[in-house]
Amino acid sequence: MKKGYVEKLRQDLIGLVGKKLNPVSKRYAYSDTDLEVHIKWRPLVLVLGNYSSGKSTLINELVGCDVQRTGQAPTDDSFTVLTYGESDREDTGIVGEHEGSHLFANEEYPFSSLKKYGQRLSSHFAIKKLNSPFLKDLAIIDTPGMLDSLAERDRGYDYQAVIGELASMADLVILMFDPHKAGTIRETHESLRKTLPAKTFEDRVVFVLNRVDECGSMMDLLRVYGTLCWNLSQMTGRKDIPHIYLTYSPECQSESSKVQSYLEEITSHRDKLKDAIFAAPRFRLEHLMSYVEHHGGRLEMLTSALMNYKHGKFMTSLKWCFYGVFAAVAVALGLVGYFYYQGSFPNRTLDWLMGPKQWGLVGVGAGSAYLLWLILSVPLARMKFHRRAMLSIDSYIKIQNQTEQDTWDHMKQMVLDFLSKTNGSFSGMKVRRDHRHVKGAIKKTTKDLRKAVSQLQNG
Ligand SMILES: Nc1nc2c(ncn2[C@@H]2O[C@H](COP(=O)(O)OP(=O)(O)OP(=O)(O)O)[C@@H](O)[C@H]2O)c(=O)[nH]1
Ligand SMILES: [Mg+2]
């Protein structure tokens, strides 16, 4: 019943994103793929970490068979998506396998946006279908181990950007370290920070210090743990330390560490980590909510900046139309004065008012002056406004906190691109309508999902 309820909610939400957010996203070139693509597939767990930190070993343990290669040196330079596949086989094993190009082209999967990273990535991306019961409710992605930043550049595709995109689709991100390299992932952390919604970052990212059996003693473990904490606080700029799971693989545990008593205290961490991974599908609703809030919030800011631009432009035009009235009145007065001194205006008031020829001339003179003013000055003023707005676009949006500042930093270039592409000529009414749609979608999602989440929590 719970499953059906969550599934229906999920479908409703995907429909809402497709109907309300997607057209807006496409119109302003916010995303080149449909927004709902990222949320329509199954719950996802992304495993990241240094090379040889034990990512593949953990995954093999979870799925119950040796599906991923493991080894001491950097072993795996590919992304592998492991998902469920039906089979009559009794034992757990691979029942289907495809290359990246198949995955990126197939609409069933959420990875089409990765196509833009080119052939190098697609030849280093694969999907394996396994008949493992663990994968019935979620898919898990094994990633190439992180290298130092110099070596990262040789991969032939933007590794950090790919990590960012995958992380934004994932319901849970496991960040794995090992005692030998406790904290060499500053860039990855930065790309996660940039792509994951700030509000859910803490819930979604799980830190793991793996291979702790290799520490040798409690003192060494404390030293490594301290180094990792220090590095994390340097990366996050925060003094509070996130929860870190201290784990090791019982299968790979070295003989010498089996007699070490310090490991007894932490044997339960491996199971707790597995429980957290098993629970990933439960984060799906929160993830969907934050997904809509995150992208909706960005689109709301984009449309709001464009609305403010349009308003500023309208006010500038109005101001110059109004100045034109002065110009017309000045011309009219000039003509009246001219005729008066020429003596062509009769002195008597009544005749003066009745003199159609002069009035006609004054009217036509003032009207033409007004038209000429409009033709010359208003477009010039609008052009000047556009140029100035492009330089001072920051003033078109009100920023109240750091989160809004981050959102704006991300959206600013998109606003500028749209303005320069359209040269500032776009329908203000359409932007206002889009803004309303986005706000409506966010409101409905948060209301429906908050209710659903609290109902589910209360059983
Ligand atoms: N002692 C010990 N060895 C481990 C543990 N986990 C993994 N290993 C070993 O460490 C080596 C690297 O493990 P992998 O699972 O291949 O590591 P990885 O993170 O997938 O490495 P890359 O794919 O190269 O990024 C292998 O030889 C494993 O047997 C552990 O908890 N303790
Ligand atoms: Mg591996």
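Whatever order the structure lists ligands and atoms in, that order sets their numbers, starting from 1.
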- Message: Is there a polar contact between ligand 1 and Thr247, counting only N or O atoms under 3.5 Å apart?
- Response: no
- Message: Between Asp142 and Ser56, do the side chains contain a donor N or O and an acceptor N or O under 3.5 Å apart?
- Response: yes
- Message: Side chains of His295 and Ser25, heavy atoms from C-beta outward: is any pair under 4.5 Å?
- Response: no
- Nitrogen or oxygen of Arg270 less than 3.5 angstrom from that of ligand 1: no
- Message: Evaluate Ser56 for polar contact with ligand 1, using N/O atom pairs at a separation under 3.5 Å.
- Response: yes
- Non-hydrogen side-chain atoms of Phe426 and Tyr309 separated by less than 4.5 Å: yes
- Query: Would one find an N, O or S atom of Ser56, in either backbone or side chain, under 2.8 Å from the Mg ion (ligand 2)?
  - Reply: yes
- Message: Is there a polar contact, in the sense of an N or O pair closer than 3.5 Å, between Asp142 and ligand 1?
- Response: no
- Query: Between the side chains of Lys128 and Gln68, is a donor N or O closer than 3.5 angstrom to an acceptor N or O?
  - Reply: yes
- Message: As a check for students: among Arg211, Glu251, Glu61, identify the option with a heavy atom nearest to atom 5 (C) of ligand 1.
- Response: Arg211
- Message: Please report whether ligand 1 has a polar contact with Asp213, defined as an N or O pair separated by less than 3.5 Å (distance criterion only).
- Response: yes
- Item | Tyr248, any N or O under 3.5 Å of ligand 1 N or O | no
- Which of the numbered atoms in ligand 1 are below 4.0 angstrom from a heavy atom of Glu214? 1 (N)
- Task: Look at the aromatic rings of Tyr109 and Trp41 and report parallel, tilted or perpendicular, splitting at 30° and 60°.
- Result: perpendicular
- Query: Which residue from Ser78, Gly54, Cys252 reaches closest to atom 17 (O) of ligand 1 through any of its heavy atoms?
  - Reply: Gly54
- What are the atoms of ligand 1, with element, lying closer than 4.0 Å to any heavy atom of Asn50? 19 (O)
- Query: Heavy-atom count around His102 NE2 within 6.0 Å, excluding the residue itself: above 12?
  - Reply: yes
- Message: Taking Gly424's backbone N and O only, do any of them form a donor-acceptor pair with Lys313's side chain (distance below 3.5 Å, no angle check)?
- Response: yes
- Message: Any salt bridge linking Arg223 with Asp220? Criterion: basic side-chain nitrogen under 4.0 Å from a carboxylate oxygen.
- Response: yes
- Query: Just by modelled atom types, is the Leu246 backbone N or O under 3.5 Å from a matching donor or acceptor in the His269 side chain?
  - Reply: yes
- Can you tell me if Asn60 and Arg69 form a side-chain donor-acceptor pair at under 3.5 Å? no
- Query: Is there a nitrogen or oxygen of Ser249 sitting under 3.5 Å from a nitrogen or oxygen of ligand 1?
  - Reply: yes
- Give yes if a backbone or side-chain nitrogen or oxygen of Gly145 is under 3.5 Å from a nitrogen or oxygen of ligand 1, and no if not. yes
- Run the contact test for Gly71 against ligand 1 with a 4.0 Å cut-off on heavy atoms, strictly below, and give the result. yes
- Item | Polar proximity ligand 1 side, Thr70 side, N/O cut 3.5 Å exclusive | no
